[in-house]
Amino acid sequence: MRRKLSKAKFGVIVFPGSNCDHDAYHSLKHLLCQDTKFLWHKESSIGDRNVIIVPGGFSYGDYLRCGAIARFSNIMKDVVRHANEGGTVIGICNGFQILCEAGLLPGALIRNINLKFVCKNVPLTIENKKNIFTALYNGTKEISLPVAHAEGNYLCDEDTLKSLEDYEQIVFRYKDNPNGSMANIAGIMNKKGNVLGMMPHPERACEEIVRGTDGRKLFESVIQSLN
Amino acid sequence: MSDPIVNLDLARELGLQEDEYNRILELLGRTPTYTELGIFSVMWSEHCSYKNSILQIKTLPRSGGRLLVSAGEENAGLVDIGDGLAVAFKIESHNHPSAVEPYQGAATGVGGILRDIFTMGARPIAALNSLRFGNITPIGDNGSSDGKLERTKYLFKNVVKGIGDYGNCFGVPTVSGEIYFDESYTDNPLVNAMAVGIVEIGEVASATAKGEGNPVFIVGSSTGRDGIHGATFASEEISEKSESKRPSVQVGDPFTEKLLLEASIELIKSGVVVGMQDMGAAGITCSTSEMSAKGKSGMKINLDLVPVREEKMSAYEIMLSESQERMLVVIEKGKEDIAFDIFKKWDLHCVEVGEVINDTNIKITYKGKQEADVPADPLVLGGGAPVYVREAKEPAYLKDIKNIDYNSLKEPEDLNEILIRLLSSPNITNKKWVYEQYDTQVRTNTVILPGGDASVVRVKGTNKALSMKTDCNGRYVYLNPYKGGLIAVCESARNVVCTGAEPLAITNCLNFGNPYKPEVYYQFKEAIRGIGDACRTLDTPVTGGNVSFYNESPDYAVYPTPVIGMMGLIEDVKHLTTSYFKDEGDVIALIGKDVKEFDGLGGSEFIKLIHGKVAGDAPDIDPSYENRLYDATLEMIKAGFIKSAHDISDGGFAVALAESCLMNRNNPVGCSVNINYNTRKDFELFNEAQSRIIISLRKEDEDKCREICTKHEIGFENIGNIGGDKLMINKDINLNLETLIDAYYNSIQRIMETNESKIN
């Protein structure tokens with residue numbers, strides 16, 4: 001079956017130490033058949049890419065604080081510009097941490113409450129479906145996605161949390177909180193609704209043989225929003 | 001500070017023996033410099049030279065099958081998997097470093113084995129491990145005092161963290177492993193790490209140095225004082241002094257390793273690499289001498305050019321440092337710029353430190369002085385490194401230990417309680433507390449996660465998948481080294497067969513005590529004989545591996561533990577088979593051999609846990625029967641008849657059946673079975689007799705399955721059906737799933753986290 005030409009042009013950022021860059025690339029390029037390119041951290045422009053994926057991994061080793069160095073990389077200046085102009089940005093896992101460090105999303109991600117790395121599939125509720133990331137999850141209450149992180153414990157001040165709730169910026173919540181996240185937050189977006197950060201990995205759940213397909217609709221929603 | 005005076009006493013201090021020191025004098029025709037003595041001492045250490053093991057290792061089948069590179073020829077063996085691809089895999093020990101510094105010891109064990117794989121040009125696709133610790137619950141006679149328990153928990157926790165942190169950051173999924181707890185490992189834990197990589201045939205880099213004038217580069221990290229004499233430390237027993245060897249333990253940097261991986265693979269693909277070898281044990285010394293010896297060349301190295309991270313390092317220290325994340329690369333002359341550009345892109349050192357020369361010697365200069373001028377060939381394994389025949393003597397304990405009167409063991413009244421105790425035993429219970437700390441999924445290839453018989457990683461771009469497992473029951477090897485060796489191979493093969501894979505080849509990590517003790521050497525020799533016989537029958541050659549001797553503390557040696565890393569190939573992922581029961585109403589069948597009375601009791605977890613004994617003989621095993629069992633199982637799988645397959649091993653039939661009910665954590669299902677008791681009920685339910693698999697199938701496929709099993713001359717017995725929310729065996733076991741789940745999934749967490757302060 002031929003797909004109609006998609007207007008989405010995905011750019012997957014590669015920092016030294018990114019390691020889910022290939023997970024995202026594989027899912028977008030080979031499973032969702034989208035125009036997808038890697039963007040090297042030393043580049044200063046995202047070029048013609050209109051959806052930016054900030055992938056998981058350990059950017060620059062993350063020996064300091066997750067994402068603390070990545071936010072200063074060359075490419076991130078242009079990602080921030082893109083986001084401020086309303087462009088779509090998705091940060092997954094380390095990408096979420098980087099977007100918080102870069103100020104594109106509020107709050108921070110600290111060490112998991114039990115101080116251990118955790119990798120398993122977790123059930124999530126979709127809290128908001130009126131946005132470009134989850135529109136196609138209509139009729140789905142709960143999905144299951146893998147998490148794999150040591151610093152996924154979302155933290156922000158009371159006012160920020162209230163604001164996140166008021167503006168319906170909380171997109172995903174854990175049903176069974178694996179890391180101590182405040183208000184069971186697994187993923188949030190900015191007020192404008194064009195920047196998403198989430199700890200679970202939708203790009204690792206796009207084909208039946210590997211952890212199911214619950215992540216696919218997230219990317220399909222984004223693709224639809226651009227077409 | 002000037003170098004110490006070189007004499008026999010100093011040589012002894014560095015681990016060399018008198019005759020070895022005399023050979024050095026003879027080889028050089030003079031007294032060696034301090035640096036040269038250091039070079040000989042590490043290269044001739046057990047760890048690098050395999051001097052006491054190589055004669056035995058050579059008896060293993062090391063070619064044939066789909067093997068492309070024979071064992072020992074390169075950093076890791078290579079096996080053809082079709083589609084123009086080969087799989088490279090190897091297992092290695094990092095026991096002694098982990099005994100004194102568990103976190104870094106385990107982490108750098110993972111780092112070292114990953115480098116062995118990608119130095120060949122193969123991208124790592126999976127990491128595995130095999131771990132042994134003392135007891136973490138009070139059981140047995142020694143090693144169970146509170147202090148020991150806490151120490152063991154500390155080792156366990158930090159080894160797991162070290163493995164996780166390194167692999168997670170590097171970006172390789174840690175997909176499988178095995179962990180046993182026994183008092184024999186209390187002071188000397190075993191930490192064996194295995195890595196698996198995929199490479200296109202034709203893009204494999206070799207560990208060789210040739211072509212006069214070709215430049216030699218050091219790439220990756222800078223060189224520090226960490227890990228000096230690590231190889232020598234690995235070649236002596238653990239003692240009270242071992243704590244002082246902490247500085248011999250290297251420090252890992254998985255981020256740099258990740259960069260080194262990407263840069264190395266780009267470099268190899270660019271076509272400018274003549275040869276490449278990672279720096280593991282004995283650092284620059286080992287890589288320069290092994291590459292030179294292999295390429296029948298010499299090498300001139302100027303240590304002033306080596307990037308160092310500490311001031312005032314001596315030539316001796318630079319040569320012997322085991323700083324991690326470094327490679328030695330020989331590049332085609334004139335193409336240096338290509339290498340510089342690639343390493344600049346990844347922000348890594350890439351420094352020309354010397355050149356290949358038309359000579360037999362390695363010539364090392366530092367600060368204008370010739371520090372070493374030694375022939376390469378006599379330094380290396382397979383060249384002139386010492387080779388010893390060691391005396392072997394049957395250990396006295398073997399005779400005494402066989403005497404056990406099973407009938408005198410008190411028959412338990414409540415078999416339900418016994419099953420729960422077995423399912424809660426750290427040796428049997430689910431290890432999710434461990435594997436949930438590993439990123440098991442990165443690179444989206446892991447199609448069967450840890451917790452089943454073997455883990456499976458698909459190969460993108462093909463229909464194929466690789467099934468892999470590490471395995472060894474040290475208790476069996478202790479009771480009967482030969483049979484224990486046979487079983488280690490057969491059981492790991494059975495594990496991959498249960499996932500739908502054809503066993504291809506093995507790697508092994510042979511963990512034993514002091515080889516100078518004839519009784520230890522007997523165990524070693526016999527276990528190898530068993531491994532060799534099994535591998536020949538199963539046609540699974542040995543691609544390579546590692547020997548770790550001196551796993552002893554002042555009080556005792558570890559159980560002889562020859563860990564097998566098995567690689568299996570699934571030709572088409574549609575044949576993937578998992579070990580858990582699926583649908584209510586399906587038939588459960590037990591396939592495999594009839595069990596003779598008392599078979600499988602010796603060395604069983606049941607006899608150890610409930611009766612406190614490690615005695616009797618290891619289970620019986622016949623590799624040719626195993627072959628028929630694999631053929632039948634795979635035929636049924638490929639025909640689409642089998643919905644689940646699970647090997648019966650630790651804990652016996654009842655435990656395996658319970659596991660098949662529970663292993664789909666989110667969707668457990670009960671079952672009801674009836675079996676004939678040919679012996680005491682407890683023996684029947686919990687013996688660990690080999691060559692048996694529990695399968696489930698649709699009712700309508702039963703006759704066809706029976707036919708296939710009959711054709712291959714193996715047993716097939718319909719024992720019951722899947723269904724309900726209880727596990728029921730005859731009238732003797734009747735347990736609801738919730739009780740079983742709690743025992744099976746929460747035991748390790750309970751043990752490890754009871755004393756941790758609650759943070760909530």
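Numbered from 1 within each chain, the chains take letters A, B, ... in sequence-line order. Excluded from the calculations below are hydrogen atoms, water molecules and symmetry mates; all remaining heavy atoms, backbone and side chain alike, are included.
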Exercise. State plainly whether the residues Glu266(B) and Lys269(B) are in salt-bridge range, i.e. N to O under 4.0 Å.
Key: no
Quiz prompt | Side chain / backbone / both / neither for Tyr25(A) at chain B, heavy atoms under 4.5 Å | solution = neither
Quiz prompt | Members of residues 442-450 of chain B whose heavy atoms come closer than 4.5 Å to chain A | solution = Val442(B), Arg443(B), Thr444(B), Thr446(B), Val447(B), Leu449(B)
Self-check item: Atom group of Glu207(A) that falls short of 4.5 Å from chain B, counting heavy atoms
Solution: side chain
Quiz item: Going by atom types alone, do Ser73(A) and Lys77(A) pair a side-chain donor with an acceptor below 3.5 Å?
Solution: no
Quiz item: Between Tyr435(B), Trp346(B), Phe170(B), which has the largest tally of heavy atom pairs under 4.5 Å with chain A?
Solution: Trp346(B)
Practice problem: Return yes if some donor-acceptor pair links the side-chain N/O of Asp742(B) with the main-chain N/O of Glu738(B) below 3.5 Å, else return no. | Solution: no
Practice problem: Examine His26(A) together with His30(A) and report whether their ring centres are nearer than 6.0 Å. | Solution: yes
Quiz prompt | Lys/Arg N to Asp/Glu carboxylate O, Lys638(B) vs Glu571(B), below 4.0 Å | solution = no
Quiz item: Would you find a donor on one side and an acceptor on the other, under 3.5 Å apart, between the side chain of Glu257(B) and the backbone of Asp253(B)?
Solution: no
Exercise. Measure the acute angle between the ring planes of Phe96(A) and Tyr154(A), then classify it against the limits of 30° and 60° as parallel, tilted or perpendicular.
Key: parallel
Practice problem: Name the option with the most non-hydrogen atom pairs under 4.5 Å to chain A; the candidates are Thr440(B), Asp439(B), Asn666(B). | Solution: Asp439(B)
Practice problem: State whether Glu262(B) and Lys258(B) are salt-bridged, where the test is any N-O pair (Lys NZ or Arg NE/NH1/NH2 against Asp/Glu carboxylate O) under 4.0 Å. | Solution: yes
Quiz item: Who in residues 8-20 of chain A is close to chain B, using a strict under-4.5 Å heavy-atom cut-off?
Solution: Pro16(A), Gly17(A), Ser18(A), Asn19(A), Cys20(A)
Quiz item: Can we say Asp78(A) and Arg49(A) salt-bridge, meaning some charged N sits less than 4.0 Å from an Asp/Glu carboxylate O?
Solution: no
Quiz item: Is the shortest distance from a Lys or Arg side-chain nitrogen in Asp165(B) or Lys116(A) to a carboxylate oxygen in the other one below 4.0 Å?
Solution: no
Quiz item: Under a 4.0 Å N-O cut-off, is there an ion pair linking Lys643(B) with Asp583(B)?
Solution: yes
Quiz item: Hey, which of Val122(A), Ile126(A), Asn184(A) is the one that makes side-chain contact (heavy atoms from CB on, under 4.5 Å) with Phe172(A)?
Solution: Ile126(A)
Quiz item: Quick one: what part of Arg665(B) sits under 4.5 Å from any heavy atom of chain A, side chain, backbone, both or neither?
Solution: neither
Exercise. Under 4.5 Å heavy-atom distance to chain A, tell me which part of Lys345(B) shows up: side chain, backbone, both or neither.
Key: both
Quiz item: Who among Gly171(B), Pro254(B), Cys169(B) has the most heavy-atom pairs with chain A under 4.5 Å?
Solution: Cys169(B)
Quiz item: Counting heavy atoms not belonging to Lys42(A), are there more than 12 under 6.0 Å from its NZ?
Solution: yes
